[in-house]
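Notes to accompany the following structure.
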There are 2 protein chains.
Amino acid sequence: MKIGELAKETGVSTHTLRYYEKIGLIDTATKDASGHRNYGAFELDLINWVVCLKKSGMPLEKIKTYVAAFKTGDANNMREMLEAHLVKLHKQQADIEHYLDVTERKLASLKKSTTH
Amino acid sequence: MKIGELAKETGVSTHTLRYYEKIGLIDTATKDASGHRNYGAFELDLINWVVCLKKSGMPLEKIKTYVAAFKTGDANNMREMLEAHLVKLHKQQADIEHYLDVTERKLASLKKSTTH
DNA sequence: TGTTGACTTAGAGTATACTCTAACTTGTTA
DNA sequence: TAACAAGTTAGAGTATACTCTAAGTCAACA
């Protein structure tokens, strides 16, 4: 799989994929005969997981640490990070519930005041 | 209420409050005899609402638009924005549910592989 | 009255995460 | 074989949102 296809599959632009390589978030890709990056299922999974972490609010530096723990097989560290991440996700869930509540009440009072 | 107290009440730093004023997100505060910004319940509510929108992922530019609609009394625009925001919040809720699921499964498989 | 802490301004600096440009090479199709 | 799309690099530029600095003013207390 070339970089353009990986970009399509993951929704991450080719620019960003090269950027992730540059900052050391992902390993330097192996290159084919013509010097083009070559990716497989492993990279596809990795990028999708990175996207999942990033979208749930983890900064790239922390994702980098997680990926590094994965690469060195540091399961303890990985488990710790995932557990901390779960806690954050649960907090986000509660926060959003609260924001939904506040927004819904705001909207309701807005509708009320404009119909009278 | 002076800027330091508003900062304490809202959790937004004095630097950031002045920044919000500078970018036009909030109006230039009235000043007391010694030139210090003076805030009341209205500003406290406004900043708390801004924090709520910001924390639920709305960029400052959009918040600015909302606040502007509020100032001009454009209830239609406000309602539209709030409804769009609710949709986004519901999407976020679903996303987080998904991320929780993925993370929990990741953690479970990690624990499994390290205990055997 | 002196010192401490909070306030003021304009403007510079920082952090995060891209995003784009220029100049070039390679692969595929008409 | 010409042209066009997609790949390569190093490095510059952008967007968002702060965050801090310098130099000064003001208010309250010992």
Exercise for the section: To the nearest 0.5 angstrom, please state how far the OH atom of A:Tyr20 sits from the CD1 atom of A:Ile63. Expected result: 6.5 Å
Exercise for the section: Mind checking A:Lys62 for me? I need base, sugar-phosphate or nothing, with any heavy atom below 4.0 Å counting as a touch. Expected result: nothing
Exercise for the section: Between B:Lys22 and B:Thr14, name the one whose nearest nucleotide on DNA chain C is closer to the 5' end. Expected result: B:Thr14
Practice task
Just say parallel, tilted or perpendicular for the rings of B:Trp49 and B:Tyr66, cut-offs at 30° and 60°.
Solution key: perpendicular
Problem - Along DNA chain D (nearest heavy atom to each residue), the more 5'-positioned of B:Tyr19 and A:Glu5 - result: A:Glu5
Exercise for the section: Would you name the heavy atoms of A:Lys106 and A:Ser109 that are closest together and state the gap between them? Expected result: O-OG, 3.1 Å
Problem - Spacing between A:Tyr39 atom OH and D:dT8 atom C1', to the nearest angstrom - result: 12 Å
Exercise for the section: Say whether, by atom type as modelled, one donor and one acceptor occur between the side chain of B:Glu83 and the main chain of B:Glu80 under 3.5 angstrom. Expected result: no
Exercise for the section: Could you tell me from which nucleotide to which nucleotide of DNA chain C, 5' to 3', there is an atom under 4.0 Å from chain B heavy atoms? Expected result: C:dC7 to C:dG11
Fill in the blank from the handout: Residue pair B:Leu60/B:Ala33 against DNA chain D: nearer the 5' end by closest nucleotide is B:Leu60
Practice task
State whether the number of non-hydrogen atoms from other residues, nucleotides or ligands found under 6.0 Å of A:Lys91 atom NZ is greater than 12.
Solution key: no
Handout entry: Sugar-phosphate, base or nothing in reach of B:Arg18, heavy atoms under 4.0 Å
Key = base
Exercise for the section: Look up atom CG in B:Leu86 and atom CZ in B:Arg79, then write down how far apart they are to the nearest 0.5 Å. Expected result: 12.5 Å
Handout entry: Side-chain (A:Glu43) to main-chain (A:Gly40) donor-acceptor, under 3.5 angstrom
Key = yes
Could you write out each protein N or O paired with an N or O of nucleotides 4-6 of chain D at a distance under 3.5 Å?
none

Fill in the blank from the handout: Note: A:Lys64 and A:Gly24 closest approach over all heavy atoms is CG-O, 3.8 Å
